[in-house]
Every structure is written in C-alpha cells, then in structure tokens.
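Numbers here are sequence positions counted from 1.
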Amino acid sequence: MTAAFSCPIFLPSTFSYNGNRYHGRIKIKINATSSTKVKTLNEIAGAGKGSSSLATSTEIGHLSQEQIRQRIPTKKQLVDPYRQGLIIERGVGYRQTVVVRSYEVGPYKTATLESLLNLFQETALNHVWMSGLLSNGFGATHGMVRNNLIWVVSRMQVQVDHYPIWGEVLEIDTWVGASGKNGMRRDWLIRSQATGITYARATSTWVMMNEKTRRLSKMPEEVRDEISPWFIDKRAINEDVPEKIVKLDDNARYVNSDLKPKRSDLDMNHHVNNVKYVRWMLETIPDKFLGSHQLSGIVLEYRRECGSSDRVQSLCQPDEDETLTNGVEQSLHKNMILTPGLMEGNGYLGPLDVKSYGYTHLLQIKGDSKNEEIVRGRTRWRKKLSTLPNSS
C-alpha cells in the first residue's frame, strides 16, 4: 500500500516589469506517493551549461561526503547566488552583498569592529571558493594541502570612516596581490549599497605555515602558480611607511591577566582565530572611554599563534592626546572620503580637526619562565558625535 503526499518547493526567479528587474520565488507543488522517486533540486532545475563549475557525477565518485555537502566548485565561478557574490576586476576580484544582522551590531545599532573583521574573513574565503582553487582547508588551495600548508595573517590594518547600521545592505570588495617573495596581500573595501559611500577599508599580509610543524614556510612554486594569476596591483590603504608598534611591559597602565581561550575560540586550523584577539584588546580599555569614543583605525602585528591551553595577558597603554600628526593618522586623512552632510550622525566619525586618541596594545602568553608575544596592536579613536540618524 502506498501513501500519497504533497510537497511544496520554492525556486528563485528573476523577472522584469516596466523596465525594472525583480527577484522572487516560484512555488511548485509536487504530488506523489511513497513509491515515487524524488529528485534533488539540481535534477529538477537541470544542471545547464552555466553549472559546469560544480562537480559532475563522474567527479562525485572521487569526492568525500563533506565536499559533496559543501558543493565546493572544481572550476572558477563568475556568480554565486547562494552567497550573493560575483567576480569583478576583470575576472580576479570578488564582490559580495551582505545585510548587517542583528547579532552583528552593538548597543548603538551599529556594526562592531569584530563584525567587520568577520565579514573580511568570510568574503576572503568565499573569494577562494569561487576561484575553483579551494581544497578542504581553511582557505587553502590544492597545492597548499599537498604541502601541508595553511594561511596565517602576519599584519592587518583597518580604517573605519563609518560603521554600518542594523539592516543596512553592504557591498564588500576584496582582492589579493603579492607581498614579497613568500607572502600575499589581501585588501577590502566596504561601501553602502544605497549611497555608494565607502565605510571601511583594510589591508592585510598573509604567510604560510606548515600545519604539522607549526613553522612558517616558503611559498612552493605550485602554490605561486595557483594564486599569482589572481594578483592585482591595487591597494585599499596607501601606507607609505608602516607604523612601528612598541612592545609594552608590565608597567602598562591597564592589564588584564584573567584571559583564557575557550574551545569555541578555535578555528578550523586549531588555533585561536585572530578576530578573538581584537576582542581581548578592546575589553582591556576602560568602559568609560569606550562609551564616549569610537574606534577609527587599528593596526595589528601578529607574532605567534595561541592555543586553547594558553594563559593570556592583555596590556594596554594610552597615548597623550594628539592631533593628526603621525603616519597612521595622515594615512587615514588621505583615504577618508568626505562629502557634505556626512560629518555627523549615524555613526560617522566627525570632522578631521578634532583630536584623536591612541592606545598601544600587547597580548602575550604567560609562561613559567618567560612570556611570549601573540600580537602587538595600535588603536585610534575619536569622540562620538552621534550614533543614530537625526539624534540630538
């Protein structure tokens, strides 16, 4: 005896009306019995010529269940409808459209720096995903996996002109370039889709580490051959002379020695994700200062990785009040996009003639005989003028 059932499915659709394009979903109701063979959505929709980048039935026999579930492309894709991403910059850059979620904002309904860093990381991984080079590692290419290599960030700089608000639609561009003989540079731009105004920009340097020995490694030629066709000679931040970050000692004004990584802080490479480091740094700054100031820039220099069993200490030293005089602030000045009406309100940082405030940071692993540096940092701040539209 067979049982009858009805199953609705929804397929994405795009249509035009009066010259405008609209996106929606088509509802299809399937009536069948328990003996009916149900096909997958791919089979229903049809593979089509544009889907050749996904694994074919022949290739599936050589893929693990994990890879099949992830649907990792085996060839370059130009559009990813699932991630709202597309390839730009004449075929080598990447752009993704995202919406600021409720869990990505703080008490003033603006995205946090930690949320922006997570978006940088996600779009970078999706860029590699669409390139067709992604293996089963955390952003690692096929050549990297064959050589037991993973990516680790050595330096990052972020400048924030404006913090996006909850529900805002953003466009994030990212691209890569060469950094010396054995490194890679990755840059990002975040802009408002509604206005086109750039909100934040970032640049970073990445090197390779042997996953087994945990030592830095030279870039193999096969890996260079994989990634070099994607390199662009373009920078999101014009940094003439990188700022040197001094090392703090136990005489720092603010010290938090009660930090211990959690298992949830570890990423796929089994070390504490670099975004967690920023949280530890900012939590060491006094609450009173954080309540009245907004972060406008951060520079991070990574020294070593941190594991789940390490005891971490966060040191923080404020600068004297200063105006736009040093290299980082001048770089911020050159890269800031200024338009009338954008100087106050809704998370904007305000006019450039106000004072900026700086902190030097150090995260280190507390050892029995000596301490080991994890990351040095510099943060720049401005007084908050307004955080919500039309607020007084």
Side-chain angles (χ1 to χ4, degrees), residues 52-55 59 67 70-80 83 85-96 117 119-158 171-190 201-240 242 267-269 274 300-302 305:
S52 60
S53 60
L54 299 178
E59 293 170 327
Q67 289 172 306
Q70 291 176 308
R71 297 171 58 86
I72 296 178
T74 58
K75 297 179 182 178
K76 178 181 177 180
Q77 290 190 95
L78 298 180
V79 178
D80 186 344
R83 293 168 182 79
L86 68 155
I87 293 296
I88 59 172
E89 293 282 359
R90 289 179 285 186
V92 292
Y94 177 71
R95 175 174 297 162
Q96 184 168 332
L117 293 174
L119 288 174
F120 291 152
Q121 179 174 276
E122 182 67 13
T123 51
L125 291 172
N126 290 341
H127 186 195
V128 183
W129 182 289
M130 290 188 67
S131 71
L133 298 176
L134 182 66
S135 187
N136 60 352
F138 196 38
T141 67
H142 300 288
M144 291 175 64
V145 171
R146 284 191 290 268
N147 288 273
N148 298 314
L149 297 175
I150 59 175
W151 287 113
V152 291
V153 60
S154 61
R155 192 175 190 275
M156 175 170 281
Q157 181 179 352
V158 182
E171 288 182 347
I172 305 177
D173 289 2
T174 184
W175 62 92
V176 293
S179 177
K181 294 182 178 180
N182 294 297
M184 182 182 75
R185 193 192 73 254
R186 177 173 286 279
D187 290 27
W188 294 267
L189 284 176
I190 296 182
R201 60 188 74 237
T203 186
S204 59
T205 305
W206 298 76
V207 293
M208 293 185 180
M209 173 187 286
N210 187 291
E211 188 174 17
K212 295 182 177 179
T213 65
R214 315 308 285 186
R215 294 179 179 272
L216 297 183
S217 171
K218 293 183 178 180
M219 184 182 296
E221 285 301 320
E222 67 169 317
V223 176
R224 193 185 313 276
D225 292 340
E226 286 179 318
I227 65 176
S228 59
W230 294 82
F231 286 172
I232 301 176
D233 186 15
K234 174 183 175 181
R235 296 180 183 273
I237 297 177
N238 296 319
E239 189 180 27
D240 297 329
D267 59 25
M268 286 186 271
N269 288 331
N274 64 83
L300 300 166
E301 293 180 356
Y302 297 89
E305 61 181 338

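No side-chain donor from either of Gln96 and Thr123 sits under 3.5 Å from a side-chain acceptor of the other.
To the nearest 0.5 angstrom, Met209 atom CE is 11.0 Å from Met144 atom CE. Note: Thr203 OG1 to Ile237 CD1 = 6.0 Å, rounded to the nearest 0.5 Å. With rounding to the nearest 0.5 Å, the separation of CG in Leu78 from CD1 in Ile87 is 7.0 Å. Between Gln77 atom CD and Leu86 atom CG the span is 11.5 Å, to the nearest 0.5 Å. Between the CE atom of Met184 and the OG atom of Ser228 there is a distance of 11.5 Å, given to the nearest 0.5 Å. Note that CG of Leu189 and CZ of Phe120 are 8.5 Å apart. Values are rounded to the nearest 0.5 Å.
Nearest heavy-atom pair, Ser135 versus His142, reported as atom, atom and distance to 0.1 Å: CB-ND1, 3.7 Å. Of all heavy-atom pairs spanning Gly183 and Val207, the tightest one is CA-CG1, 4.5 Å. Nearest approach of Pro229 to Val92, heavy atoms of both residues: O-CG1, 3.5 Å. Scanning both residues, Asn210 and Asn147, for their nearest heavy atoms gives ND2-O, 4.1 Å. Considering every non-hydrogen atom in both Gln121 and Asn274, the closest pair reads OE1-ND2, 4.1 Å. Considering every non-hydrogen atom in both Ile232 and Glu89, the closest pair reads CD1-CB, 3.8 Å.
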Point to revise | From CA spacing to verdict: side chain to side chain contact (heavy atoms under 4.5 Å, CB included), Met208, Asn182 | key: CA-CA 8 Å; Met208 293 185 180; Asn182 294 297; over 6 Å; no
Exercise for review: Starting from the C-alpha separation in whole Å, work towards a yes-or-no answer on side chain to side chain contact (heavy atoms under 4.5 Å, CB included) for Arg83 and Tyr94.
Suggested key: CA-CA 11 Å; Arg83 293 168 182 79; Tyr94 177 71; 4.2 Å; yes
Exercise for review: Under the side chain to side chain contact (heavy atoms under 4.5 Å, CB included) rule, what do Asp187 and Lys234 come out as? Steps first, then yes or no, please.
Suggested key: CA-CA 8 Å; Asp187 290 27; Lys234 174 183 175 181; over 6 Å; no
Check your understanding: Do Phe231 and Arg185 pass the side chain to side chain contact (heavy atoms under 4.5 Å, CB included) test, and can you show the C-alpha distance, the side-chain angles, and the key distance before you say yes or no?
Key -> CA-CA 9 Å; Phe231 286 172; Arg185 193 192 73 254; over 6 Å; no
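Val152 is not listed as a side-chain neighbour of Glu305, based on a closest heavy-atom distance of 4.5 Å or more. Residues Trp129 and Gln70 have side chains in contact (heavy-atom distance under 4.5 Å, counting atoms from C-beta outward). You'll find the side chain of Ile88 reaches within 4.5 Å of the side chain of Asp173, heavy atoms only. Using a 4.5 Å heavy-atom cutoff, the side chains of Trp206 and Val176 are not in contact. Side-chain contact between Leu117 and Met156 is present, with at least one heavy-atom pair separated by less than 4.5 Å. For the pair Arg186 and Val153, the minimum side-chain heavy-atom distance is 4.5 Å or more. Counting heavy atoms from C-beta outward, Ile227 and Thr141 have side chains that approach closer than 4.5 Å. Counting heavy atoms from C-beta outward, Asn126 and Asp80 have side chains that stay 4.5 Å or more apart.
For Glu226 (side chain) and Leu133 (main-chain N/O), no donor-acceptor pair under 3.5 Å exists by modelled atom type. Between the side chain of Arg201 and the backbone N or O of Ala236, at least one donor-acceptor pair lies under 3.5 Å.
Aromatic ring orientation, Trp230 versus His127: perpendicular (interplanar angle above 60°, classes split at 30° and 60°).
With a 6.0 Å radius and a threshold of 12 heavy atoms from other residues, nucleotides or ligands, Asp233 has its CG atom at or below the threshold.
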